[in-house]
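Each remark here refers to the structure printed beneath this line.
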Amino acid sequence: MLKVLTSVLALLVASAFTSAQPAPGRFDAATKVFRLDGGGSSYVFGVNARGELQQLYWGGRLGASDTFPAAKVMPEWASFDTSYTNTPQEYAGWGGGLYMEPALKIAFPDGNRDLVLHYESHAATTNGFDVVMKDISHPIYVTLHYAMDPGSGILARSATIENRGSEAATVEQAAAASWSLPAARYTLNYLTGRWAGEWTLNQESLLAGARVIESRRGSTGHQANPWFALQAGEASEDHGEVWFGALAWSGSWRITVERDQLDAVRVTGGFNPFDFGYVLHPGMSLETPVFYGGYSPHGLGGASRLLHHFELEHILPLPSSTAASAAGAEPKALTPKLRPVIYNSWEATEFGVNEAGQMALAEKAAALGIDRFVMDDGWFGQRKDDHAGLGDWYVNQEKFPHGLKPLIDKVHALGMDFGLWVEPEMVNPDSDLYRNHPEWVLNFKGRPETQQRNQLVLNLARPDVHAYILGFLDKLLTENDIAFLKWDYNRNWSEPGWDQVPPAEQKQVYVEYTKNLYAILAELRQRHPKVEIESCSGGGGRVDLGILKYVDEVWPSDNTDPFDRLTQQNGFTYAYAPQIMMAWVTDSPHWLNNRTTSLQYRMLSSMQGSLGIGANIEKWTPDETSAAKRLIAAYKDVQSTIVQGDLYRLISPLNESEFSATETVKADKSQAVLFAFIHSTQEGRGFPTLKLKGLDATAKYKLTSIEGKPRVGTPEVASGAWWMNHGLEMDEGFRGDFQAAAFRFDRK
Ligand code: DGJ
């Protein structure tokens, strides 16, 4: 009875957050306190007696009638730590004795570099506030934007920095936001990696000092991802308070997590200040990226579920038809389209693509039930390997004597749509483009041009390069029936010079390049609304909430080893929804680790995200072909639950675990899908009983095997309470190395 009541209450609370809600923002003029409520969280800040904006609270949702006293500044700590540095400011200028990471640092032409921002005014917006601050003497205005998502309680913060004076000023450092947490013990979670080894979850006690997570590479980077989560006390998947954030920027970025001298915590993130400089001439302004922040009382699992839903509902592009019909219409739940199951030829052919070979693969792919056939690198210019061709985006006549049309027609006739690989931002020195426009690459005049993978980076900040890239892509998409672009980016920056503009403005390349990249993506989507795009950067080198506003999916790693993918996918899902994560089934033994695994194991590993096949399917045996065909069909039946549902990481693959398991539950709890993996059975241990989560305790669920068997005697139908409390036991024979099983649970 109690359980029924709790779930009814939970439903009521959930629906209260999704429809007909009051505006999330409130301002108390008497105390000068701003309050934002959304989902299960509240965020409160106020104007203190000095005029600074000071954070007052961030955590679980407060009662509607609760009020806050006016913000009270922190005292100084002896004579060494000023009140200005100890006070948890929302957006502190570097000046007035600030020793914490500044949100904003500006140099004025007379050498003055002191900046102290005070509240000026504010305006209510649909989901929050725009709060205007001004330096105490210079006409530098900063508008802080706050937008609370009523459903998830995730707050979007950013700043517009404006020079209303008559002299230029140089922004030397600009964050999107600072987030503060009171003195306590926290565990910091963040993601790092390298090529073919992305998505390592790091979990460490937050000690005194600053922990810097960053990219200085011109793009997001494989080495660190712009996401963090701070958990009170020890890290836990299911329990405890978690504050998390994700920065929406695909250029050089930095997140600094500080535990100060009084043990208070401040997280400041935005443009990477390393080698940064942005000249604001009179009347000019600079817009920072958005830094999203959220709170969950349900551990890291709760935090990632909130973030996944937020990404699906508010970040990823919507299908073009829905987006158009939704404009101006009633707000309704909109979700991005499920990813088609793709075939990609890269691992099968590498650069050796040609008309006959691709057609033969397309026939095999169609027979498997593939929806989209994607041709990878090698189809253009004089591209035989990675030494030549990038920049010359004409179809290679030797490989495709009649252009792309015969292949595209064939793919369509087989019932699939067609996708194509491009790497628009790059050029090989051995290309007509470079021979004609050597000045188009990022470089410092007279200095070496460091090559990586034999290629250089085109400077997208230049208007001519911007026009060229938009032009060739627009032509490609206009002349060919292409449904999908795999947009690759296979190196980082070196020598980031831009000699077209005055020396003082050349560092603006860090901002303008990324803004132009977004502009090109937005323009292409607008001109070709049916085209979908994947962000790939030699794997997961450009995955962040900035690029995800313009692309439908990402390529998480070039490492497609199905065992390695389990840990990578685990790390990936702390920050990003399974829908975003493309996962191909490739050949065994795997090229990277020389590991041999069964087709079933490879399929189930990839079926936890958006499924693709990247193997040489011409070589598959009839048994492999029919197993893949069956599993692709089974996947499509439950795909929306897997990629858009609530993800529970039941057993982590980390720390040399023998096992791992994930479960996803559809939002309406009508279906759950479970994946279980044995890495290597040791000392005869059987697979642990899997206690499901997130089901409706009182409903009945029917168990169906997708692959593998439950223990003999397991009920076919049982209550949600049974599956969650008693759990699912696996068949005795589920042992060995690299074994996998999957089950679905359907509400009766
Ligand atoms: C790197 C990508 O991650 C691969 O999938 C493939 O597209 C190659 N580039 C092609 O050069």
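Predicted model, so just to flag it, every value in this text is computed and none were measured. The residues of the chain are indexed from 1 along the displayed sequence. Note that ligands are numbered from 1 as they come in the structure, with each ligand's atoms numbered from 1 the same way. Side chains are part of it too, since the values below use all heavy atoms of this structure and drop only hydrogens, waters and symmetry mates.
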Could you tell me which atoms of ligand 1, counted from 1 in the order shown, lie closer than 4.0 angstrom to a heavy atom of [X]?
X      : result
Cys536 : 2 (C), 3 (O)
Lys486 : 4 (C), 5 (O), 6 (C), 7 (O)
Asp377 : 10 (C), 11 (O)
Gly539 : 3 (O)

Closest approach of Trp227 and Asn189, non-hydrogen atoms and distance? CZ3-O, 3.7 Å
If you measure from each heavy atom of Arg453 to ligand 1, is any distance below 4.0 Å? yes
Tell me which protein heavy atom sits closest to [atom], plus the residue, atom name and distance to 0.1 Å.
atom                   : value
atom 3 (O) of ligand 1 : Asp558 OD1, 2.3 Å
atom 9 (N) of ligand 1 : Asp488 OD2, 2.7 Å
atom 7 (O) of ligand 1 : Asp376 OD1, 2.6 Å

Looking only at the aromatic ring of each residue, does the gap between the centers of [Y] and [X] stay below 6.0 angstrom?
X      : Y      : result
Phe373 : Tyr343 : yes
Tyr510 : Phe271 : no
His679 : Phe563 : yes

For ligand 1, note which part of Met582 has a heavy atom under 4.0 Å away: side chain, backbone, both or neither. neither
Which is it for Asn490 and ligand 1 at heavy atoms under 4.0 Å: side chain, backbone, both or neither? side chain
side-chain hydrogen bond (donor to acceptor under 3.5 Å, both in side chains) with Asp561: which of Asn593, Thr586, Asn594, Thr597? Asn593
What orientation do Phe675 and Phe677 show, parallel under 30°, tilted 30 to 60°, or perpendicular over 60°? parallel
Could you tell me how the ring of Phe291 sits relative to the ring of Phe228: parallel (under 30°), tilted (30 to 60°) or perpendicular (over 60°)? perpendicular
Does an N or O from Trp584, backbone or side chain, lie closer than 3.5 Å to an N or O of ligand 1? no
Could you check whether Lys364 makes a cation-pi contact with Trp620, meaning its NZ or CZ is under 6.0 Å from the centre of the six-membered ring and within 45° of the ring axis? no
